[in-house]
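The chains referred to below are lettered A, B, ... by the order of the sequence lines, with proteins before strands, and numbering in each begins at 1.
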Amino acid sequence: MLSALIVLLLAVGGLASGGNYLSVYNLQSMANQVPEIGLLAIGVMLAMCSGNGGIDLSGIALANLSGVASGLFALSLFPVDEAPVLFTLTFAAGCAVVGLLGGILNGLLISRFGITPILCTLGTQMFFTGVAVVLSGGRSVTIGSPDALYALGNGLVFGVPASFVIFIGVALVLGGVLRFTPYGMKLMLTGANPKAARFSGFPQARIVTVTYAISGLLAGLAGVIIAARNVNVKWDYGTTYLLIAILVAVMAGVRPEGGYGRVVNVVLSAITLQLLSSLLNFIGLSNFVRDFAWGALLLCFLAVGRFGLVEQLLIFFSPRRGKARASKT
Amino acid sequence: MTMVQEMTDQTAPKRGATQRPGLGEIVRRRPEIVTLTILVVICVAVAIINPNFLQPGSLIDMGRASVVTGLFALGVFAILAAGGIDVSFTAIAALTMYSLTSFVIGVAPGMPMGAIIAIAVVAGALLGAVNGLLVHGLRVPSLIVTIGTQYLFRGILLAFVGTVWLMELPPQMTAFGKAALFQFEGMNGVTVDLPAYFLIFPAVVALAWFLFDRTLMGRAIFATGGNPEVAARLGYGQRIVHVFVFGFAGALAGLAGIIHVSATRMANPFDLVGMEIEVIAAVVLGGARITGGTGSVLGTVAGVLLITVVNNTLVLVGIPSTWQRVVVGAFILLAAAFFVRRAPKPQKRKAE
Amino acid sequence: QEGKSITTVVKISGIPWFDRMKTGVDMYAEQHPEMDIEQVGPASADSAQQLQIVQDLVARGVDALAVVPMDPAILEGVLKRAMDRGIVVVTHEADNQKNTMVDVEAFDNAEYGAALNERLAECMGGEGKWTTFVGSLGSRTHMQWVGAGEENAKQYEGMELVDPNNESFDDAQGTYEKAKEILRKHPDIKGFQTSAGNDVLGVGRAIEEAGLAGKVCLVGTGLPNPSAAYLDSGAITAIGFWDPQKAGMAMNSVATKLLAGEEITDGMDLGVEGYGNVSVRDGAGDGLLVIGNGMVLADKDTYEEHLF
Amino acid sequence: MSDGHFLELRGIHKRFGGVHALRGVDVTIDTGVAYHLLGENGCGKSTFIKIISGAHPPSEGEILLDGRSHAELSPIQSLEAGIETVYQDLSLLPNLSVEENVALGEQLVSGGGRLMRRLNRARLRETAREAIRGVGLDSTPSLLATSVSDLPLAIRQRVAIARAIAADARLVIMDEPTTSLTRHEVEALIELVGQLLARDVAVLFVTHKLEECYRIGGQAIVFRDGQCIAQGPLEDYSRAELSHLMTGRELDTMRYRTGAPMAGEVLRVEGASSGAAFEDVSFGLDRGEVLGITGLSDSGRNEVALALAGHQPLTAGQIAIDGAPVHLDSPGAAIARGIGYVPEDRLSEGLFLQKSIYQNEVTLILDKLMGAGGIVDKRKGREAAREISEAMNLNTGDIDMPVSALSGGNQQRVLIGRWLSIEPELLVLHGPTVGVDVGSKDTIYRAIQAMAERGIALVIVSDDLPELLQNCDRILVMNNGRVVDALDAATADEDRIYQSMLGSEHEAA
Ligand SMILES: Nc1ncnc2c1ncn2[C@@H]1O[C@H](COP(=O)(O)OP(=O)(O)OP(=O)(O)O)[C@@H](O)[C@H]1O
Ligand SMILES: Nc1ncnc2c1ncn2[C@@H]1O[C@H](COP(=O)(O)OP(=O)(O)OP(=O)(O)O)[C@@H](O)[C@H]1O
Ligand SMILES: [Mg+2]
Ligand SMILES: [Mg+2]
């Protein structure tokens, strides 16, 4: 359904803007905007999948903190212009480390100390933001644009923005991890029924910690991409992402009660929202209309899902149910 | 008789344990005690660091600052108790307060304050009821529905109603915001008023207490939060419960909105939205579980006061502005850690 | 400039400040019917949202952008890309913006901060405790203003800065509560210097309700219309501002000239009140910094000349 | 047209999408009579009572209540008519107090289901107190104020019945009320039912335990494949006839245990204690041996099982596997030592209901299935799942079907079968046939014996004494945290075990 919507939006956009919307440049530009929110939304999805009211409100705060902390650290080691490659590597690695540590902190607080995820990540959200403020004194940190970083933020790979390629790569890997590895299957099962998972001997605390750690790592990665795209990082960037990331996740059909969610849907959902929002910018509608449209879109999705239009069709054509009943003794 | 014996055997802690319930048990049964304890500890600490905190004026300021958050929190509490969650109440408040104020200014400048409040409550309740109907009708978690309606309501307000700040309020609203119950004279000729609208908060607290504790609806809300399928089977109409809790939260949001306007003496459509997570945090700190069916009105009030005190004493205790977020974040984590209850969850056998 | 388009991107749509700017942009559009001129802005105060809008506009292919950055640093990347694509970029309230052709300022930020503080000191009689508010610690101009104010206050032995740089988040209610807290902590405080547009309203209300109107001084950035009541009651000593309407027109005027390939020179007349004789310096990057003389300080007696 | 029947259902059909769960059921119910609704898993019993209690509307048919015809009932209509249902899960509200659970319904129903009414606390307490006394509990204020989630299961069961009494029920429906009760508690329940019948209340049981039906007496209603194929006085049918009616097959009550323990001790428990739960428990178990453990629900038998599964730490003594002492501090540790555990509450503790059979069966071997690149070898996994579902005789070959779509008996088989995947040394089964019909029991018992043949040592914790006698080599009886008796299952009899279970309590009394 999301894919159909994407096609529809592209078609409408193309018509409304006289083709301009479908120009290569605009497609690239939109693709360039997806990764930040997409990565954060995948993080939210992972947290939700782990069940038990899981949610990650700290994503963007951690992304900003990783950019700020790692940026300051790398800047103190290397001058950007003299050692661009070394600088970029240090910076990116630093972001990943900070993101990972922040995620592990969330995970430990939730799984070992048993703090409610929503309270925990709200607390760490403020804490991370606060640390970023203290480190940077509230000012933005200029990372500069060494070649490698510039290429990441603005470069193209076969005409596709590099950051988007990375995003899709990460999404593919994670999607695979969730579907095909023991960890991923255990995560989904744990989210679906934590008690049964305990009786199956799953190391639940470790699974939850790893999950929030991955979410943190994704935030760190988002931090790198933000830095690459904007040249600067700052603690208050993207405050609206908090709700948007959740919006993207739930629109992708991730169940807040845990156990169900697919990365590919999150990617499609992030793309859909991006297309819609860019479309509205293209036809010059006020951004308040965008909020309205997002809300209406989400509710429509739910309504269609509830009245099961799509599923009804699928069930109708699938022999499974009939067979199951027939085989009952 | 044997059955009774067995019963007492089983309910009492086994062999060797005393009859007195342990600390963990108290925390589990009456979490609001933890909240109150933390609140007292913080107040004492602040008072030691800066005795100015103990002036009556500062306490009044806390009370006054907690009115809007408190009203929101009571609404959120109703929804959490029924097993849901709401992030759209701030948008409801903004939509009603702004539309209503501009209506009063433009169409009915002479409308009495009582009528304005009544309309705000009703309009909020209606918007909330929309949430309730959607949650019930679509059978999806309320977090998802209310994220949708938050965007929707805010979109409607800013895209179709207006964005212009209304600085010239109708006189009756200004008067309502300014009317003082009594005044204190502090040092330096500083006067502190306890505004009349403050009374609304305890009144609503009393109403909420009555509602939750003394009406069937109150019990039905907790029943739904405890196990919705069972509640439905036992005859607690789920649709009415859903519509009611969301309507109740909406009504309180409408009320909070109009109080906000009167107190700040302007209607700014951008206000309020953004504080929802903090309000939810206050309710959860008050002992309501995010999974529903627990909590108390008293605990919610304590949670609100806790958040208000922490937010309003940072300067008083001399925390520089750069460090304030770190402190508040660390505080939330610490307070949340106090709530960790390892007691076994109620054993639920799922319905077939 | 037949058919060329200029889009003004503001920090947030809908707030009075930028609604006022919109009147300027609209006026400019009326004067230049042959061009396609509009103003847009994000729905919330978030630099990421503004960034998206600018990026979409670049993709749409506008000819010129007049941007009031929420956060100049965050827009560096996209503005560079815009210029690479041949789009004319003009900014406002961003004297540190590197990737811009011309940054238009109504005045020199340091001078403005100092002027506000000078007015405050005058009211306080050069003596007593005072404090400062900024919209957010991340707001560069606000930090510049209070910084310059602090510098200025050093001339006065008796002025003592306490608990500086309180964040107001441009939210009148929050500012009000914080101001009350400060009044309680420092019962002998004499002055407030504020930065964000709503700060004077919040602090003014706190002062008025404490019965301290006229006893405690408050000087800060604010708009005449919303502040009128507090100016009258004496809760606000004076407000400083520049007219966003004029600034909007000035940005568009500069953009038009750049589109036409004209040079921007020192002492030039932009055809807008307050920007009749601009001084031009080198900017933070390769672009120019154009400074007008649009600063206005108004008090009880004078604010009515500037009602908007 | 009232001919005096309390409730009459005529030509009731119920369809769930494509599933035809009830196909024209006619049943008559009068007050003061006990009814036993019998049938295999999935034959429509639960669906039937849901229609009476108003949880589901019928697709077709007519419901006559006191002679008045209804196309369907709402929960409130049904409650107003005095129909109270004690579902298998007891339908208690865990977070509310005992008195509220017992007596709220009365005020709700007397107000016609309207919620915006004042709650009369005094009346609530009074009603609750009486009803609680009516089920033989002490109505102390502290009990009345306790939340239900803090009560043991047997007490909850009584609270649920007290609710029916408080509501002045005319028909009390109980869906498998005895599955989670010990025998001792069952006796008390039967006594209670007698009292209800004496008050001219009708009682409708859904059950799989025939011996209890006979003890209570009354009418049998037999369902098969969504149809009511017999209704009449119980004494007109023999056990075998009933089994035959339900399943359409002949079943005999044989002893399943045919094999014998093999050489080599797998498990040795020595002086094990765990806090207040049990004390100084010692026993050993050989390869292929089947050991039964029974006792009252608070006798410590459950905790011993949990301790073996790594859920309950020992405070003294030790457990050794193959002669080597092991430290079982987590389920993972127990599984690593080859100890499996099948929890009693399969729905909430055992199964991932919304997930497929495949996913449920491979949970234990996910790490083993991991192949190159950390990826689970799905082909091997599916192969394993298919083998299990064949070994356990699941009635579907479709391993992608969600477990929630299986009947209780099949779900239990999925749960037990999961352990075949790791070839455990020791498997602890807690209530392996709770709520399972006669036909499925047979399959499960055969599967248990097949596992013993493979050399797996088995511990069955249960209070279904025939089950233990039919399946075990030895039976341990626990009372008050200690092992009080050890018997040879081939020669033991139910009475002896029962005496031991109650043993010390009787002496004390
Ligand atoms: N909610 C439902 N959705 C779809 N089908 C259902 C539903 N509930 C029951 N069924 C169908 O109705 C049939 C009868 O189910 P029911 O639960 O009444 O069986 P039962 O006799 O209670 O079995 P058991 O002894 O296992 O409790 C099932 O085979 C199933 O196909
Ligand atoms: N939501 C559902 N969708 C499809 N079928 C269902 C659903 N719920 C129950 N069923 C069907 O109902 C039948 C009986 O299931 P039920 O839950 O009554 O078994 P059970 O109660 O666990 O067994 P028992 O009553 O013997 O313990 C199953 O065959 C199952 O197919
Ligand atoms: Mg059933
Ligand atoms: Mg059943």
Side-chain angles (χ1 to χ4, degrees), chain B residues 50 52-53 55 57-58 60-62 64-65 68 151 154-155 157-159 162-169 174 177-178 180 183-193 195 260 263-266 268-275 308 311-322 324-325, chain C residues 12-19 41 43-46 131-134 136-137 162-190 197-198 201-202 204-212 215-216 223 225-230:
Chain B
N50 191 334
N52 277 344
F53 176 69
Q55 290 170 22
S58 77
I60 287 179
D61 278 340
M62 299 293 153
R64 180 220 293 275
V68 170
Y151 277 98
R154 185 174 142 93
L157 169 63
L158 298 173
T163 58
V164 183
W165 295 5
L166 306 173
M167 298 300 305
E168 296 283 330
L169 291 190
T174 319
K178 275 189 179 173
Q183 275 194 341
F184 279 95
E185 187 98 7
M187 292 176 247
N188 184 25
V190 179
T191 57
V192 185
D193 308 342
H260 176 81
T264 51
R265 298 184 216 161
M266 62 173 189
N268 174 356
F270 294 87
D271 272 356
L272 300 175
V273 173
M275 63 188 289
T308 311
N311 275 333
N312 285 284
T313 53
L314 292 167
V315 175
L316 210 54
V317 300
I319 295 167
S321 52
T322 34
Q324 290 182 0
R325 284 185 192 77
Chain C
I12 325 168
S13 311
I15 67 168
W17 186 271
F18 292 110
D19 282 348
S44 351
D46 177 7
T131 189
T132 55
F133 275 72
V134 293
S136 135
L137 292 171
V162 293
D163 286 329
N165 302 347
N166 295 286
E167 290 185 281
S168 71
F169 304 106
D170 207 10
D171 161 27
Q173 181 66 22
T175 316
Y176 163 78
E177 276 158 23
K178 197 143 270 184
K180 296 213 73 158
E181 200 182 336
I182 290 173
L183 283 171
R184 193 158 53 239
K185 183 173 180 192
H186 305 285
D188 52 344
I189 193 150
K190 275 267 152 316
N198 279 324
L201 305 180
R205 192 178 136 216
I207 291 177
E208 191 177 296
E209 285 186 2
L212 295 174
K215 298 183 200 152
V216 173
L223 288 181
N225 246 339
S227 314
Y230 295 111

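There is no contact between C:F18 and chain B, counting heavy-atom distances below 4.5 Å. Contacts of C:I12 with chain B are made by side-chain atoms alone, with heavy-atom separations under 4.5 Å and no backbone atom involved. The contact between C:N165 and chain B is made by backbone and side chain atoms together, counting heavy-atom distances below 4.5 Å. In this structure, chain B has no heavy atom under 4.5 Å from any part of C:N225. Contacts between C:A229 and chain B at a heavy-atom distance below 4.5 Å are absent for every atom of the residue. Proximity to chain C is absent for every atom of B:A159, based on heavy atoms less than 4.5 angstrom apart. With a threshold of 4.5 angstrom between heavy atoms, B:E168 does not approach chain C through any atom at all. Contact annotation for B:D271: only side-chain heavy atoms (C-beta onward) come within less than 4.5 Å of a heavy atom of chain C. For chain C, no part of B:M275 is nearby; none of its heavy atoms comes within less than 4.5 Å. For chain B, no part of C:F133 is nearby; none of its heavy atoms comes within less than 4.5 Å.
Between C:R205 and C:E209 there is a salt bridge, with a side-chain nitrogen of the basic residue lying less than 4.0 Å from a carboxylate oxygen of the acidic one.
Counting heavy-atom pairs closer than 4.5 Å to chain C, the top-ranked of the candidates B:R265, B:K178, B:M167, B:H260 is B:R265. Chain C forms more heavy-atom pairs under 4.5 Å with one residue of B:P320, B:G162, B:G155, B:S58 than with any other, namely B:S58. Options B:T313, B:V164, B:V273, B:V68 differ in how many heavy-atom pairs under 4.5 Å they form with chain C, and the most are formed by B:T313. Contacts with chain B were tallied for C:I182, C:D19, C:N198; C:N198 has the most, counting heavy-atom pairs under 4.5 Å. Contact count against chain B (heavy-atom pairs under 4.5 Å) is highest for C:A43 among C:A228, C:A172, C:A43, C:A45. The choice from B:N312, B:N268, B:T163 that makes the most heavy-atom pairs within less than 4.5 Å of chain C is B:N312.
A donor-acceptor pair under 3.5 Å is formed between the side chain of B:N50 and the backbone N or O of B:L316. The main-chain N or O of B:M62 is never found under 3.5 Å from a side-chain atom of B:T308 such that the two would form a donor-acceptor pair. In terms of modelled atom types and a separation under 3.5 Å, the side chain of C:D171 and the main chain of C:G174 share a donor-acceptor contact. A donor-acceptor pair under 3.5 Å links the side-chain atoms of C:S13 to the main chain of C:G41, judged by distance alone.
Not counting sequence neighbours, the partners of C:S44 by the side-chain contact (heavy atoms from CB on, under 4.5 Å) test are A:T240, B:R154.
Taking every heavy atom of both residues into account, B:V315 and B:Q324 meet most closely at CG2-NE2, 3.9 Å. In terms of heavy-atom proximity, C:T131 sits nearest to C:P164 at OG1-CA, 4.0 Å. B:N311 and C:E181 get closest at one heavy-atom pair: O-OE1, 4.2 Å.
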Open item on the list: Would C:N166 and C:T175 count as a side-chain contact (heavy atoms from CB on, under 4.5 Å) here? Give the steps.
Closed with: CA-CA 9 Å; C:N166 295 286; C:T175 316; over 6 Å; no
